Engineer: 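Sharing a structure here in structure tokens format.
Remember, predicted model here, so these are calculated numbers, not experimental data.
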Amino acid sequence: MSRRVPSHSEAGVSSSSRTERWWQLLSGYRVGSDKKPAEAPAPVPSDMDALLQDERTDYDRDYDRIVFSAEFRCLHDKTQVFPLSTSDYTRTRLTHSIEASCVGRSLGALAGRGLAARGVDVSPSHLGTIVAAACLAHDIGNPPFGHSGEAAIQHWVSQRLVPPDGRPSPFETQAQWKDLESFEGNAQGFRILNRLQSRERRGGLRYTAATLGAMSKYPRASVLPDGRGRDKARVSEKKFGYFQDDEALALETYRALGLVEREPGVFSRHPLAFLVEAADDICYAVIDLEDSAKLGLVPIKDACELLDAVLPRPVTGPVRPPPSHLETRLAQARARAIGELIQACVKVFLENVEAMEEGQWETPLASARDDVKKPLDAIRNLTRRYGYESERVLQIESAGFKTLGGLLDMFAMAVVTDTPNREEKKLRQLLPPDLFQRPEFAREAAAESASRDEVITEAVARLSKYQRLLCVTDYISGMTDGFAVELFQRLSGIKLPT
């Protein structure tokens with residue numbers, strides 16, 4: 001029989017026992033919701049009603065909400081490695097996220113079995129579902145053109161805007177400036193799940209704290225206390241995980257989970273975040289190599305040999321020759337490598353999980369063992385050289401800089417100004433009115449007779465300039481690669497609407 005999902009009140013009980021610690025880490029509290037009084041006993045259902053009763057856990061619901069979200073669907077046309085690929089084989093962010101989710105489910109379930117074997121009262125299937133859901137959402141905040149898109153937004157902000165250092169600036173604090181000057185897809189992903197889905201209510205779709213914690217690889221703000229630099233020994237400080245606009249929801253999440261708050265706003269990782277990271281690392285290395293080989297950028301034979309070198313098993317009996325068909329050999333090598341890496345990462349997790357529970361572990365699971373790290377580094381180096389840095393990829397990424405920078409020039413400037421000119425008014429009207437919707441203004445509906453221009457003008461006026469800029473990055477980072485290129489060409493007059 002499966003164990004219940006721990007409630008917020010149960011998860012908050014202070015105890016030194018590892019079981020109670022894990023119940024807190026697996027908190028089913030839905031972030032953004034208020035504590036509700038105990039409900040009256042439900043009526044006894046009929047036999048048919050009982051048969052049809054929804055028995056999904058809260059973690060299952062998180063998983064399903066992500067799958068059915070528009071932001072997740074948009075990943076089908078967002079770059080994984082090869083932007084705007086004409087091949088029907090290469091992965092997109094969508095297929096990468098689904099594959100990472102499959103690996104993550106195995107990692108979580110195996111880790112749960114290991115914890116249960118040590119007397120920790122957790123359900124392995126619950127851990128598998130949480131990690132799978134977090135893996136589904138781990139790239140949901142990535143802008144068009146992948147990490148190159150992040151760099152394009154960062155570059156535009158650094159060139160066109162200024163920090164609040166005495167000069168006129170749209171930012172009120174250094175942290176607001178860094179949010180966009182160091183724009184981060186991880187922080188955008190947290191924002192999507194907690195604010196941009198179901199915008200009219202606090203917490204958006206209100207995912208469980210456990211799922212949000214598992215997907216938060218970098219539980220800190222863009223500016224560290226006292227302006228200090230990041231501690232390079234802490235992988236959790238490598239990037240940041242939430243914008244200032246979403247700080248209250250982030251703190252609510254991390255504190256509900258009991259994550260160690262090392263400094264104000266700087267938390268240790270959730271232990272399951274290491275499994276999410278491992279799933280991404282495994283797929284990023286192994287599957288991107290397979291894509292590079294299938295596209296002819298890396299010889300298939302070389303790719304097979306690299307994958308065969310990942311944790312090879314000692315020979316104990318007759319050796320079967322590899323398949324003569326190279327693509328079959330590649331698929332088998334990929335499957336074997338992923339299976340071996342899952343086992344190795346779970347072993348590292350279980351050996352160090354108590355340190356993770358205490359916020360004392362700061363090493364990615366795939367980097368903790370040399371026999372895992374070295375072959376993965378060799379794969380990444382080859383893929384980077386012949387895949388990520390291939391001429392076609394670099395050309396399209398350069399065009400992506402122009403595309404996203406051009407869209408930001410148009411929309412950001414149109415939204416930040418309080419006195420838009422005629423062109424800027426037209427650009428504003430191209431933006432979805434609900435882009436500026438916030439829970440605190442949900443009841444302030446515009447008059448039915450108001451024009452689109454009046455509705456948007458009124459909605460924009462309620463927001464600070466920092467919030468307006470976030471709305472624009474919400475819009476542009478949510479675009480698919482193809483839509484971003486098409487819209488930029490149309491608005492630039494390169495290509496007119498048909």
Side-chain angles (χ1 to χ4, degrees), residues 74 143-145 149-173 176-177 179-181 183 188 191 195-196 199 243-245 399-438 440-441 444-498:
C74 284
F145 306 103
E150 286 179 323
I153 295 172
Q154 294 164 3
H155 177 75
W156 183 88
V157 172
S158 68
Q159 296 298 306
R160 297 300 305 271
L161 304 176
V162 297
D165 57 4
R167 293 174 290 176
S169 171
F171 306 104
E172 297 174 4
T173 66
Q176 290 181 357
W177 154 255
D179 279 356
L180 291 175
E181 192 266 342
F183 180 86
Q188 185 67 23
R191 181 175 174 84
R195 183 180 292 277
L196 305 189
R199 296 168 186 259
F243 298 122
Q244 288 299 298
D245 198 40
F401 259 72
K402 298 289 186 184
T403 297
L404 298 192
L407 291 172
L408 285 165
D409 272 336
M410 298 173 196
F411 289 112
M413 296 298 100
V415 166
V416 167
T417 180
D418 290 323
T419 55
N421 59 33
R422 290 184 179 182
E423 181 184 6
E424 290 166 339
K425 286 182 178 179
K426 291 186 182 298
L427 287 167
R428 282 189 175 195
Q429 291 180 58
L430 290 173
L431 295 170
D434 67 352
L435 189 68
F436 307 101
Q437 179 65 59
R438 295 175 68 89
E440 56 266 37
F441 305 134
E444 299 181 26
E448 291 185 10
S449 60
S451 67
R452 185 182 180 91
D453 177 48
E454 291 171 334
V455 170
I456 291 177
T457 298
E458 182 179 343
V460 169
R462 298 190 189 108
L463 306 180
S464 69
K465 293 189 175 182
Y466 161 70
Q467 291 171 334
R468 298 179 198 180
L469 286 168
L470 281 177
C471 289
V472 174
T473 53
D474 290 341
Y475 180 56
I476 293 175
S477 67
M479 295 178 181
T480 62
D481 295 5
F483 180 77
V485 171
E486 178 77 12
L487 184 62
F488 174 68
Q489 289 178 340
R490 289 184 176 186
L491 296 183
S492 300
I494 299 171
K495 180 179 180 181
L496 294 177
T498 56

Engineer: Please verify the inter-ring angle class for Trp177 with Phe171; under 30° counts as parallel, over 60° as perpendicular, anything in between as tilted.
Structural biologist: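 Plane angle over 60°, so perpendicular.
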Engineer: Quick check: do Tyr475 and Leu407 have side-chain heavy atoms less than 4.5 Å from each other?
Structural biologist: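 No, side chains not in contact.
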Engineer: Quick one: do Arg428 and Glu424 make a salt bridge, cutoff under 4.0 Å?
Structural biologist: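 The answer is no: the pair does not qualify as a salt bridge.
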Engineer: Are Arg438 and Asp245 within salt-bridge range, i.e. N to O under 4.0 Å?
Structural biologist: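 Yes.
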Engineer: Would you find a donor on one side and an acceptor on the other, under 3.5 Å apart, between the side chain of Asp179 and the backbone of Phe243?
Structural biologist: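 No: the side chain of Asp179 does not pair with the backbone of Phe243.
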Engineer: State the NZ-CD distance between Lys426 and Gln429, to the nearest 0.5 angstrom.
Structural biologist: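 Taking NZ in Lys426 and CD in Gln429, the distance rounds to 6.5 Å.
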Engineer: Please check if the side chain of Arg468 supplies one atom and the backbone of Val460 the other of a donor-acceptor pair under 3.5 Å.
Structural biologist: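 It does hold such a pair.
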Engineer: Return the minimal non-hydrogen interatomic distance between Gly478 and Cys74, and the atom names on each side.
Structural biologist: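 Result for this residue pair: O-SG, 4.1 Å.
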Engineer: Could you tell me whether a side-chain N or O of Thr403 sits under 3.5 Å from a main-chain N or O of Val485, the two making a donor and an acceptor?
Structural biologist: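 Side chain of Thr403 to backbone of Val485: no pair is present.
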Engineer: For Leu469 versus Ala412, what's the shortest heavy-atom pair and its separation?
Structural biologist: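 Smallest interatomic distance, heavy atoms only, reads CD2-CB, 3.9 Å.
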Engineer: Determine the minimum heavy-atom distance between Ser477 and Pro144, stating which atoms define it.
Structural biologist: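 The pair with the smallest heavy-atom distance is O-CD, 3.7 Å.
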Engineer: Is Asp474 salt-bridged to Arg195, going by a charged N under 4.0 Å from an acidic O?
Structural biologist: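 Between Arg195 and Asp474 there is no salt bridge, as every charged N stays at least 4.0 Å from the carboxylate O atoms.
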Engineer: In sequence, state the C-alpha distance, the side-chain angles, and the governing distance for Phe441 and Leu463, and then conclude on side-chain contact (heavy atoms from CB on, under 4.5 Å).
Structural biologist: CA-CA 10 Å; Phe441 305 134; Leu463 306 180; 3.8 Å; yes
Engineer: Which atoms form the tightest heavy-atom contact between Pro143 and Ile153, and what is the distance?
Structural biologist: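 Closest approach of Pro143 to Ile153: CB-CD1, 4.1 Å.
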